[in-house]
Amino acid sequence: MNGVLDWFRDPDHWHGDHGVPVLLGQHVLLTATSVALAALIGFPLALWLGHRHRGGVLAINLTNIGRAVPIVALLALFSLSVIGNDYFGPYGRAGLATLVTLALFALPPIVTATYTAMVEVDPDVVEAARGMGMSELEIVRRVEIPLAAALIISGLRLAVVQVWATATIAALVAGPGLGYIITRGYASNQTAEVVAGSLIVAAVALLLEVGLVALQRVVDPVPQR
């Protein structure tokens, strides 16, 4: 434990291109971009299918196929494919392969939670809105999404926390992020560095979890006691 504390006290670990602040920023960028890509694809698809109450099971099963393949294997396959190992802006070496892998990893919870939230909206409320002359788009935007928001946020929360914890795999292909600390610790047989890197990832994951749970409660139309 003293070795871990010494690692955190060492100023060399907090400065430079491989200091904690820089690696933390890279990890945040990697996570945010991957989840945003998944949300860009998953939200419209699940909202439309949920509103129509059709095709959801097929969409959920298709998005879950990726879960059958280990995430490390998926990253290896993509990095060896046409996506390649080339540098991709701030996402580093094999950056595009890493983003695609993490986005696919984030897709199932987003699609599943959003579709489920939409189909669980009270049909009488939807019919009442339709009877008031609302268009289908207005029903989705003004009735279904507000009522489904809490469950939709729960899927987003799961995706964010999972991707944050899994983004350490970027270091396996010499990519950016906090995984660099862990892999460097393993390579140099420095247990304290491995533990320190893992603690940083776990601590931020807990903060994300707490923050998104709070957001979920805020948007919940039925306040929790």
Side-chain angles (χ1 to χ4, degrees), residues 30-71 73-75 77-78 81-83 96-167 208-225:
L30 201 57
T31 301
T33 307
S34 302
V35 174
L37 284 173
L40 196 64
I41 299 169
F43 276 143
L45 175 67
L47 288 174
W48 182 68
L49 293 175
H51 174 69
R52 293 173 57 86
H53 289 232
R54 293 178 183 173
V57 175
L58 178 61
I60 290 171
N61 286 333
L62 286 175
T63 55
N64 279 332
I65 287 177
R67 288 181 172 176
V69 182
I71 193 73
L74 200 60
L75 176 60
L77 288 173
F78 282 136
S81 70
V82 292
I83 298 176
L96 189 56
T98 305
L99 284 176
V100 172
T101 301
L102 293 176
L104 288 176
F105 191 58
L107 204 52
I110 290 175
V111 171
T112 301
T114 304
Y115 175 80
T116 303
M118 292 292 284
V119 298
E120 287 188 354
V121 173
D122 189 339
D124 291 338
V125 175
V126 175
E127 283 305 313
R130 196 169 281 128
M132 293 172 62
M134 287 188 183
S135 67
E136 295 303 308
L137 184 59
E138 285 179 318
I139 292 173
V140 171
R141 183 170 55 85
R142 298 176 59 184
V143 177
E144 291 178 319
I145 290 180
L147 292 174
L151 192 50
I152 292 174
I153 295 294
S154 76
L156 184 64
R157 170 173 58 86
L158 187 58
V160 169
V161 175
Q162 283 185 345
V163 169
W164 173 266
T166 310
L208 290 170
E209 173 76 11
V210 171
L212 289 169
V213 165
L215 176 62
Q216 186 178 343
R217 289 181 176 175
V218 168
V219 302
D220 193 342
V222 182
Q224 302 295 316
R225 293 183 178 178

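When reading the values below, keep in mind they use all heavy atoms of this one structure, side chains included, and skip hydrogens, waters and symmetry mates.
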State which residues pass side-chain contact (heavy atoms from CB on, under 4.5 Å) with Thr116; sequence neighbours excluded, sorted by chain then number. Thr112, Glu120, Leu151

Distance-minimising heavy-atom pair for Ile83 and Ala97: CG2-N, 3.2 Å

Distance in Å, Leu49 CG paired with Thr114 OG1, rounded so as to fall on 0.5 Å steps: 11.0 Å

Of all heavy-atom pairs between Leu156 and Val35, which one has the smallest distance, and what is that distance? CD1-CG1, 3.8 Å

Heavy-atom check, side chain of Val143 versus side chain of Val125, under 4.5 Å: yes

Are Leu30 and Thr98 packed together at the side-chain level, in the sense that at least one heavy-atom pair is separated by less than 4.5 angstrom? yes

So which heavy atom on Leu37 is nearest to which on Ala103, and how close? CB-CB, 4.0 Å

Nearest 0.5 Å, what's the CG-OG1 distance between Leu99 and Thr33? 6.0 Å

Walk me through it: do Arg130 and Glu136 pass the test side-chain contact (heavy atoms from CB on, under 4.5 Å)? CA-CA 8 Å; Arg130 196 169 281 128; Glu136 295 303 308; 2.9 Å; yes

Any Ile71 side-chain heavy atom under 4.5 Å of Leu75 side chain: no

Calculate, to the nearest 0.5 Å, the distance between atoms CD and CZ belonging to Gln162 and Arg157 respectively. 10.5 Å

Non-hydrogen side-chain atoms of Leu47 and Glu144 separated by less than 4.5 Å: no

Which value, rounded to the nearest 0.5 Å, describes the distance between Met132 atom CE and Glu127 atom CD? 13.0 Å

How about Phe43 and Ile152: do any of their side-chain heavy atoms sit closer than 4.5 Å? yes

Testing the basics here: between Ile139 and Ala129, what is the closest heavy-atom pair and its distance to 0.1 Å? CG1-CB, 4.1 Å

Could you tell me whether Arg54 atom CZ has more than 12 heavy atoms of other residues or ligands within 6.0 Å of it? no

Here the gap from Leu40 atom CG to Ile110 atom CD1, rounded to the nearest 0.5 Å, amounts to 10.0 Å

Quick one: closest heavy-atom pair of Leu107 and Ala38, and the distance? CD1-O, 3.3 Å

Ile153 and Leu212 have their tightest heavy-atom pair at CG2-O, 3.9 Å

Is any side-chain heavy atom of Val126 closer than 4.5 Å to a side-chain heavy atom of Asp122? no

d(Leu215 CG, Ser154 OG) to nearest 0.5 Å is 11.0 Å

